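These notes concern the structure reproduced below.
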Amino acid sequence: MIIIHNILIRSINAIYLQCVNISSPKDVSDFMEYCAEWGHVIHEHHLTEETDVFPGIEQLAGEQGLMERNVEQHHDFFPGLEKFNEYVREVKDSKVQYDGQKFREIIDSFMPSMYRHLVEEIPTLLVLNNYEDKVDWDKYWRKKSAEIMDKGKADPNATKVFLPFCLSGHDATFEDGVFNWPPMPWLAKMLFRYWFHPIHNDWWRFAPCDASSNPQVLPFA
């Protein structure tokens, strides 16, 4: 969970730092595709939590409402996130002309509350250690992660868009590379880095990290 949160935070930081310096039609088009994927990932992440992960946790722990505070925080930033996604769609559909300053203001309208949520959610998950006598949480998270991965594989954009987005948002050097992520065979990682990632290279140039998950220079920061 921490890794996914960090990917989302690094990626929106990259978007925020570059948004006011992008102007050419080609750059705007590619940038909007990158922003659209960030919006899609954050939406799917929270939808999965609310409809699957959190209800499962509460059922196993035997405590209804245990995760309710996290769901309430989702509602705090949801209107601003919807404005973000709507603006991206309108620019992509040529309904409005891209305005970097306006886009930054939209991010400012919801990102402080979203950042607070992403940070505060982790301690609520650590509290689950209090229920270790009832639940094998390691087993639960392994099972749930596998289910989510299987679901993701059914998405035709998973290999071409979702995983390249995540790889380019994950900093493999963080804390001296202690996190070996994503958990997949070395050969599969090479396939994503050198086959699927280049399909939309023009989008990932705005990302905080490269195809090998090493920090890269932001071209418009």
Side-chain angles (χ1 to χ4, degrees), residues 1-24 26-48 81 84-85 87-89 91-92 98 100 103-104 106-107 111 114-115 118-119 145 148-149 151-221:
M1 189 71 76
I2 292 175
I3 292 175
I4 295 298
H5 285 194
N6 283 342
I7 287 172
L8 295 170
I9 292 170
R10 287 192 198 97
S11 300
I12 193 62
N13 281 344
I15 290 170
Y16 189 85
L17 289 171
Q18 297 177 94
C19 65
V20 294
N21 299 317
I22 295 171
S23 58
S24 79
K26 165 64 175 170
D27 293 335
V28 169
S29 177
D30 293 337
F31 186 58
M32 288 296 98
E33 294 291 353
Y34 180 69
C35 293
E37 185 58 18
W38 181 86
H40 172 73
V41 171
I42 192 80
H43 172 77
E44 289 299 312
H45 174 71
H46 290 133
L47 181 64
T48 300
L81 180 58
F84 176 96
N85 290 327
Y87 186 75
V88 170
R89 286 192 297 267
V91 174
K92 288 178 64 178
Y98 177 72
F103 195 40
R104 176 172 279 187
I106 293 174
I107 298 172
M111 200 55 219
M114 180 181 285
Y115 176 78
L118 293 173
V119 171
S145 296
I148 293 172
M149 287 295 290
K151 180 182 177 182
K153 291 175 184 177
D155 182 352
N157 286 323
T159 55
K160 298 178 182 178
V161 180
F162 173 70
L163 282 173
F165 170 86
C166 291
L167 283 170
S168 62
H170 173 57
D171 182 356
T173 68
F174 180 62
E175 294 191 350
D176 296 323
V178 67
F179 298 105
N180 180 24
W181 191 92
M184 61 172 61
W186 175 85
L187 185 59
K189 288 184 180 180
M190 294 302 102
L191 185 64
F192 277 106
R193 287 171 181 166
Y194 298 109
W195 183 264
F196 292 112
H197 192 282
I199 293 174
H200 295 301
N201 246 349
D202 288 348
W203 302 358
W204 315 134
R205 60 192 168 116
F206 302 101
C209 300
D210 60 21
S212 297
S213 297
N214 292 314
Q216 67 178 0
V217 175
L218 299 176
F220 295 94

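A quick note: this is a predicted structure, and the numbers were derived from the prediction, not measured.
Taking the salt bridge (charged side-chain N to carboxylate O under 4.0 Å, His left out) definition, one finds that D27 meets it with R205, sequence neighbours left out. By the side-chain contact (heavy atoms from CB on, under 4.5 Å) test, S29 pairs with no residue at all, sequence neighbours left out. Applying the side-chain contact (heavy atoms from CB on, under 4.5 Å) test to P198 and every residue at least two apart in sequence or in another chain returns N201. Scanning for side-chain contact (heavy atoms from CB on, under 4.5 Å) contacts around V28 gives I22, M32, V91, Y98, with sequence neighbours left out. Residues satisfying the ring-ring contact (aromatic ring centres under 6.0 Å, His included) test with F220, not counting sequence neighbours, are F206. With sequence neighbours excluded, no residue forms a ring-ring contact (aromatic ring centres under 6.0 Å, His included) with F162. Taking H200 as the reference, W203 meet the ring-ring contact (aromatic ring centres under 6.0 Å, His included) condition, with sequence neighbours excluded. With sequence neighbours excluded, no residue forms a side-chain hydrogen bond (donor to acceptor under 3.5 Å, both in side chains) with H170.
For the atom pair CE (M111) and CD1 (I15), the distance works out to 9.5 Å, reported to the nearest 0.5 Å. Atom CZ of R89 is separated from atom CZ of F84 by 11.0 Å, given to the nearest 0.5 angstrom. Note that CD1 of I12 and SG of C19 are 8.5 Å apart. Values are rounded to the nearest 0.5 Å. Between atom CZ of residue R10 and atom OG of residue S168 there is a gap of 11.0 Å, rounded to the nearest 0.5 Å. Atom CD1 of I199 and atom OG1 of T159 lie 6.5 Å apart (nearest 0.5 Å).
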Return all side-chain donor-acceptor pairs below 3.5 angstrom for residues 33-43, not counting sequence neighbours, or 'none' if the list is empty.
unit_1 : atom_1 : unit_2 : atom_2 : d
E33    : OE1    : K92    : NZ     : 3.4
Y34    : OH     : S11    : OG     : 3.4
W38    : NE1    : L8     : O      : 3.0

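Look at K26 and D202 and you find a salt bridge, because one of the NZ, NE, NH1 or NH2 atoms lies within 4.0 Å of a carboxylate O, short of that distance.
A 4.5 Å side-chain heavy-atom check between Y87 and I107 finds every atom pair outside the cut-off. The closest side-chain heavy-atom distance from V20 to F103 is not below 4.5 Å. Side-chain contact between F31 and S24: absent, with no pair of heavy atoms (C-beta onward) separated by less than 4.5 Å.
With hydrogens and angles left out, the side-chain atoms of D171 and T173 include a donor and acceptor closer than 3.5 Å.
A 6.0 Å sphere centred on CD1 of I2 holds no more than 12 heavy atoms belonging to other residues, nucleotides or ligands. Counting non-hydrogen atoms of neighbouring residues, nucleotides and ligands closer than 6.0 angstrom, the CZ atom of F196 exceeds 12 such neighbours.
Nearest heavy-atom pair across D210 and H197 is C-NE2, 4.4 Å. Scanning both residues, H5 and L118, for their nearest heavy atoms gives ND1-O, 2.9 Å. Across all non-hydrogen atoms, the minimal contact from L218 to A207 is CD2-O, 3.4 Å. G169 approaches P208 most closely through the heavy-atom pair CA-CG, 4.0 Å. The minimum heavy-atom distance linking L167 with C209 is given by the pair O-CB, 4.4 Å.
Note on residues 13-23: pairs passing side chain to side chain donor-acceptor pair (under 3.5 Å), not counting sequence neighbours, are Y16-D108.
Under a 3.5 Å cut-off, the side chain of R193 and the backbone N or O of A211 do form a donor-acceptor pair.
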